[in-house]
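Here's the structure, in structure tokens; my notes come after.
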Amino acid sequence: MSTGTQRWIMHLDMDAFYAAVEQRDDPTLRGRPSIRGLRIRVTDLLEMLAAGATQAEILEDFPYLEAADISAALAFAAHQTDHPILRVA
């Protein structure tokens, strides 16, 4: 049944909005992936792990982080490094 009115469906990407606000408030985050708006860069988390910190130590030092955040950072890093190498003949 049509009443002659239009219906609009809008999708808002709030993750992108919050990321933009975080980057505005902290310019060091601009262009760098961060952990779900917590102002912790993925790079910082990976550097802690590379320096020998365990996941348990990181979670103890940063109680607002979750184990899933560390897993997501590792998955992101794996995805970023998995690309074909193109050789020029």
Spacing of Phe62 atom CZ and Leu45 atom CG [to the nearest 0.5 Å]: 8.5 Å
Spacing of Thr43 atom OG1 and Met48 atom CE [to the nearest 0.5 Å]: 10.5 Å
Nearest heavy atoms of Leu46 and Ala77, plus distance in Å: CD1-CB, 3.7 Å
Point-to-point distance, once rounded to the nearest 0.5 Å, from CG of Asp44 to CD1 of Ile35: 9.0 Å
Over all atoms of both residues, closest heavy-atom pair of Leu59 and Leu65: CD2-O, 3.6 Å
For the student: nearest non-hydrogen atoms of Ala53 and Ile58, plus distance: CB-CG1, 3.9 Å
Pairs flagged by salt bridge (Lys or Arg N to Asp or Glu O under 4.0 Å) wherever residues 66-78 is involved - sequence neighbours left out: Arg36-Glu66, Arg36-Asp69
For Glu57, all residues meeting salt bridge (charged side-chain N to carboxylate O under 4.0 Å, His left out), sequence neighbours excluded: none
